[in-house]
Structure formats: structure tokens, C-alpha cells
Asker: 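What follows is a single structure, and I will ask about it in a moment.
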Amino acid sequence: MTQNPLPFAGNPAYTRGMASDLSPSLHLSDDQATAFDAVSSLLDRTGIHLTQGFCTPAKDHPSQVAAIMGKAGSGKTMLLAQLTEAMEQAGCELVSGDYEPKTRRSKRRLAVLAPTNKAASVLRNRGVPATTIHRILYTPVYDPEYEKIAEWLNNNGDQPQIDGLGEAALERAANFYATQKSIPGALAAAGLRGSDFIIGWKRREDPLDVGFIDESSMLDARQFDDLREIFPTLILFGDPAQLAPVGQSGAMVFDGLEEAQKTMLTRIHRQSDDSPILDLAHALADPSIDFFAFERMVQDAAARDPRIICAPRVDSDLMARSPCLVWRNATRIRLINAFRRVHDAPEDSLLPGEPLICDGLELPLKHRKKRIDLEARGLIKGAQTIYLGPGKRAGFSRLHILGAEDPRVSAASIVKIEKPDEDEPFIPYAAHMGATFLHAAAVTIHKAQGSQWPDVQVFAPDLYAAAQSGRSEAGTPLWKRLAYVAITRAQERLIWVTQNRLSRPKQQLGIDDLAAPAPKFALSAEEE
């Protein structure tokens, strides 16, 4: 596929004109307005006219890829939200990945995507209807009988007559869909299980239209190629100061774009609360600041602002829901085992409430359908989960997927508890095949990218070790990249842990804090 350079990059004739005319409520800085106008000009060529507020039918055009880049606090998410709203106002249909009406496929369509459930949930919490890349790559196949309900809810037919579903059930479905545009949720409200109306999953064959990809610094080359096959127009949003995907030698997918395809947001927008966390993150750009000078800055910030804390030990209570972020794998394993010991976790099983992270799927090729099913439910590599208890069958676990719209699942599991100085992990649960999990009371900073938590603990002794190693990534000292990613995972409070110690817990592990919302589709691997 060819990629057209953007005609507006570096051209002041294209800047600050269109965004300011779009809406009186739209207040953008100069660099945000430039980026908005950049995307608007690109979309104009495809027949989506944001400033005039209308679309023309899609026509074949060369592949277009652009990137909006900026550090934490530069307003990428706010700009993405404004562009999404403008696309809807122009008549574009948002694609959720749950269901696509048959008669509307001629409409212009936008999908807002993130690499992981947690990253997508960060966008949804800010009012941007996002889903994961997997949910777009793999789409559900509906039972034809129940698909009639979906089409009726989308005003594409009369109310159907379905055996076993009366007027009251269909009314519940309609009432649900009127408030939440989710077909699986509406069918669940009618009393159906996911295994009733979803009969399988298939890889998307028909292309979409426009894709907005958040946290694109996390994309690897294969994911990028998959997205370019689906979206003729692709807009990447990413932070060039983050860590590149493992195995890509410090390169991110937008590094390979022409300069004319990239727009940089340089202004750092003050939040209403003047975040000291962002102040620390951006101080790392100063080349004169070494590790010791930065730690003094953290200590000074902690002395004047309660949102920054210098702690002599890791808080084991926080680790149950917000992992301690580390650099070295050996540190991660030691902290996890210390966490389990202070919570009196048994050697041969897990306690409800222990955090896990999905490390991939161990399934043979002949079980491709099951792999797609698990991934579509949110059990993709990097998914953060909480163990709820054993399933009904040996080797199955009940799990709560953090950030997923439908968080409760039951799946065949292979849980690995790594031990210090031991080559082989201990496996308390092992199905013959299924989702593989590692413990997640502590995770590497690489795996934390794309996620945010209200409170984040950063293990400073590991960052000091990275500084002592003298390593660099893309010309920047590695410890600075690690520190930048780690501290920007904190939404409200940053805890800078200075010593290799762990506090005793003040409360028992549990799952009472994990509300169980009404499922949009109550899928369970045990039901198959």
C-alpha cells in the first residue's frame, strides 16, 4: 500500500483555521489546532468533511497513515476525543466490535482502538468509546434467529417473533439498547446467554474506514500491518518518550513514517490540579539531571505535595490492585513471592483477590476457534486480571478482567508462580490448554505501558540499577525512559519506594471491591 504524505505538515496556510470554526465550545491550543487541522485535511480527501459536518460515500483512495505525537499532558486524549465527536457530528458511525448492522455498511465508519483492555478503559473513562484491536480484528458471528433482534434494535426491520422470548423480554432488550448501545448487552437483558446468540468468532474480512489508535507506541510491526490491511485511513496517537515494544530495538511504528506524516504536540497543558506527577515526568527531559538529582526532586515534591510520597517500603495492600512497577525480572519475582508470603497464600493454590496478568494462550493450531474466543473476551497477552476462585471443572479459573466492559469470565488456565533462583515456575493450576497467567502483584514497567492506576508504586532501587548500567534507548538514558513511563502510570498519587522492603498488609485479600455488572454477554469456556 502507498502512503500519501500529509499536505499540511509545516504549512501555516493550513493551520489554526478549520478547528476554530468547528464549534464555539472547542478550545484548542495552537499545536492542538494544527494537529486537528492536519487530520481534518487528511479526512477531506476521503470525503469526510469535519468542518462542514457531512460525509460523502467512501471511494477507493491510497492508504493514508498519520501520527499525532506528544508527551504526557500534551492533550493527545483530549484531541482524540474532540476528533471523535467531530466525526460523529459529520455522520460517521462508531464501530464497537460487538455488532455491525447489515444495512449500514455503506456508512462511513470510525473505530477508536487501543492495544489492551486497560488502555481502552482509560479512554472509555474519559468519555471516548474505545475497544481493543482484537475486538475489531475478530468479530462475533450471531445465531441468525437472534440476529433478527439485533437488526430490529437498529431499526432495520419489524419486531421479530422469537420462540421462548415474549414481549416483556424484547421490551427489556429495547429499553437497555435505548440507554446503552450494546447488542450483546440488550440480548443479555432479554435473558439470553452469550453462548445462546454468539456461535463463533471470525477474523474480519471486510475493511473498515478510519481508525484512531491510542497508545500506538505499544504497537509492534505485525499489529501495525494488520491495522493497515483493515483501515485505509489510520491515525496513530502516541508518546515518543515511552518504551518501544520488546524486540523492536527501541523503534516505534511511527518512527518509520515520513516527517510530513507526523504532527508533534509540544505544549504541556496544565491540569486543573497542577499535577506534580507531570512536573516530574517532564523534568526528565533535562539532560543535566542524573538519577540522584531526580530523586532529590521527588523528595522535594513529596515535602510540599501529598500526591507524591517517598516510602521506605512497598505497600503490600496496594499491590493487590495496583502492581509495583519494576525494571528487573528478578526484582519482580522476589516482590511477588514476598507479597504471597505476607498474605499467607498457600503454596499449592491461589487466594481469591490475587492479581494475575495474561502471558498468552497455549493452544494448538487446531483450537484456533477457542483462541479467537478467549482473545475476543479480553484474555489477550498483557490483560490484567483478578483471580476470583476455581471454576466448576479442574484447571478452570474464574477471573475478573480489569478494564474490560464484560469483566467476568471462566477459562481453562495455566497459572505460573515463578520462584527466586529457580528455573522452573511452580504451577498451582494447569489445564491441558488455555490462557497462561503470571502473578501480577509486581510487573515490569514495559508491561505497564498503556495502563493507569489511581496510585502507583515505583521501585526506585531498580531505576538506580538501570542508571548504573549506563544503557540507553534511542539516544535517551534507559533509566529516564523507565522513570517516565512508570510515573506517568499514576493518575492521582505516586509512591516512590526507596528501599527493598515490603510492609505487612493491613487487610486480607478479597474480591468484595470488584462489582459484578450485568454482563453484556455471559460467555464461559465451561459452557462449551
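As the structure is a computational prediction, the values presented were derived from the model and not from experiment. Side chains are part of it too, since the values below use all heavy atoms of this structure and drop only hydrogens, waters and symmetry mates. Residue numbers start at 1 and run along the sequence shown.
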Asker: Check R328 with D462, please: is the shortest side-chain N to carboxylate O separation under 4.0 Å?
Answerer: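 Here D462 pairs with R328 in a salt bridge, since their nearest N and O are under 4.0 Å apart.
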
Asker: Would a 4.5 Å heavy-atom cut-off, applied to side chains only, mark L388 and R408 as touching?
Answerer: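 Of all side-chain heavy-atom pairs linking R408 with L388, at least one is under 4.5 Å.
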
Asker: Cation-pi check, R228 to F224: give yes when NZ or CZ is under 6.0 Å from the six-membered ring centre and within 45° of the ring axis, no otherwise.
Answerer: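 The answer is yes, since R228 meets both limits relative to F224.
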
Asker: For the pair R321 and D455, find out whether any cationic side-chain nitrogen is under 4.0 Å from an anionic carboxylate oxygen.
Answerer: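 Not counted as a salt bridge, because no side-chain N and carboxylate O are separated by less than 4.0 Å.
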
Asker: Can you find a heavy atom in the side chain of Y484 that is under 4.5 Å from one in the side chain of D239?
Answerer: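 Counting from C-beta outward, Y484 and D239 do come under 4.5 Å.
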
Asker: Under a 3.5 Å threshold, yes or no: a donor from one side chain and an acceptor from the other, between E295 and W496?
Answerer: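 Distance-only check passes for E295 and W496.
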
Asker: Could you verify whether a donor N or O on one side chain and an acceptor N or O on the other, from Q449 and S217, lie under 3.5 Å apart?
Answerer: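 S217 and Q449 do not have a side-chain donor-acceptor pair below 3.5 Å.
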
Asker: Rounded to the nearest 0.5 Å, what separation is found between the CG atom of L438 and the CD1 atom of I417?
Answerer: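 Output value for this atom pair is 8.0 Å.
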
Asker: Nearest 0.5 Å, please: how far is NZ in K447 from CG in L325?
Answerer: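 Nearest 0.5 Å value for the CG-NZ distance: 13.0 Å.
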
Asker: Between V456 and I487, does the side-chain contact (heavy atoms from CB on, under 4.5 Å) criterion hold? Intermediate values first, please.
Answerer: CA-CA 7 Å; V456 167; I487 65 181; over 6 Å; no

Asker: Step by step, would you call T84 with L94 a side-chain contact (heavy atoms from CB on, under 4.5 Å)?
Answerer: CA-CA 9 Å; T84 300; L94 282 171; 4.1 Å; yes

Asker: Say you draw a straight line from CG of L502 to CZ of R334; how long is it, rounded to the nearest 0.5 Å?
Answerer: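 It comes to 12.5 Å.
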
Asker: Any side-chain heavy atom of L514 within less than 4.5 Å of one from I386?
Answerer: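 They are in side-chain contact.
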
Asker: Under 4.0 Å between a Lys/Arg side-chain N and an Asp/Glu carboxylate O for D220 and R222?
Answerer: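 Looking at D220 and R222, the cut-off is not met.
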
Asker: Does a side-chain heavy-atom distance below 4.5 Å link F212 with L110?
Answerer: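 When only atoms from C-beta onward are counted, L110 and F212 do touch, with a gap below 4.5 Å.
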
Asker: Taking it one step at a time, do Q384 and W453 satisfy side-chain contact (heavy atoms from CB on, under 4.5 Å)?
Answerer: CA-CA 12 Å; Q384 297 164 30; W453 297 270; 3.0 Å; yes

Asker: Within the 4.5 Å heavy-atom criterion, are I495 and V458 side-chain neighbours or not?
Answerer: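 I495 vs V458: side chains apart.
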
Asker: Among all residues two or more places apart in sequence or in another chain, which pass the ring-ring contact (aromatic ring centres under 6.0 Å, His included) test with F426?
Answerer: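 Here no residue qualifies.
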
Asker: Between Q457 and S322, does the side chain to side chain donor-acceptor pair (under 3.5 Å) criterion hold? Intermediate values first, please.
Answerer: CA-CA 8 Å; Q457 300 184 86; S322 176; over 6 Å; no

Asker: Report the distance from atom CG of L227 to atom CG of L137, rounding to the nearest 0.5 Å.
Answerer: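 Spacing of CG (L227) from CG (L137) equals 6.0 Å.
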
Asker: Kindly indicate whether the side chain of F237, heavy atoms from C-beta on, has any atom under 4.5 Å from the side chain of L123.
Answerer: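 A side-chain contact under 4.5 Å is absent here.
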
Asker: Going by atom type alone, with no hydrogens or angles, which donor-acceptor pairs under 3.5 Å involve a side-chain atom of residues 349-360 and a protein atom two or more places apart or on another chain?
Answerer:
| residue | atom | partner | partner atom | Å |
| --- | --- | --- | --- | --- |
| E354 | OE1 | R340 | NE | 2.9 |
| E354 | OE1 | H439 | NE2 | 2.6 |
| E354 | OE2 | R340 | NH2 | 3.1 |
| E354 | OE2 | L351 | N | 2.7 |

Asker: Before we go on, tell me: are the rings of Y387 and F437 under 6.0 Å apart, centre to centre?
Answerer: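 Not close enough - the centres of the two rings lie 6.0 Å or further apart.
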
Asker: Inspect the contact between K419 and E347 and indicate whether a charged nitrogen and a carboxylate oxygen are less than 4.0 angstrom apart.
Answerer: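 Counted as a salt bridge, because a side-chain N and a carboxylate O are separated by less than 4.0 Å.
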
Asker: Can you check whether F36 reaches D31 side chain to side chain, under 4.5 Å on heavy atoms?
Answerer: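 The answer is no, as the side chains (C-beta and beyond) never meet within the 4.5 Å cut-off.
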
Asker: So how far is it from T77 OG1 to Q82 CD, rounded to the nearest 0.5 Å?
Answerer: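 Between T77 OG1 and Q82 CD, I get 12.0 Å after rounding to 0.5 Å.
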
Asker: Before giving the answer on side-chain contact (heavy atoms from CB on, under 4.5 Å), spell out for L494 and L280 the whole-Å C-alpha distance, their side-chain angles and the decisive distance to 0.1 Å.
Answerer: CA-CA 10 Å; L494 169 67; L280 290 171; 4.1 Å; yes

Asker: If you define the side chain from C-beta out and look only at heavy atoms, does anything of T444 sit under 4.5 Å from R332?
Answerer: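 When only atoms from C-beta onward are counted, R332 and T444 do touch, with a gap below 4.5 Å.
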
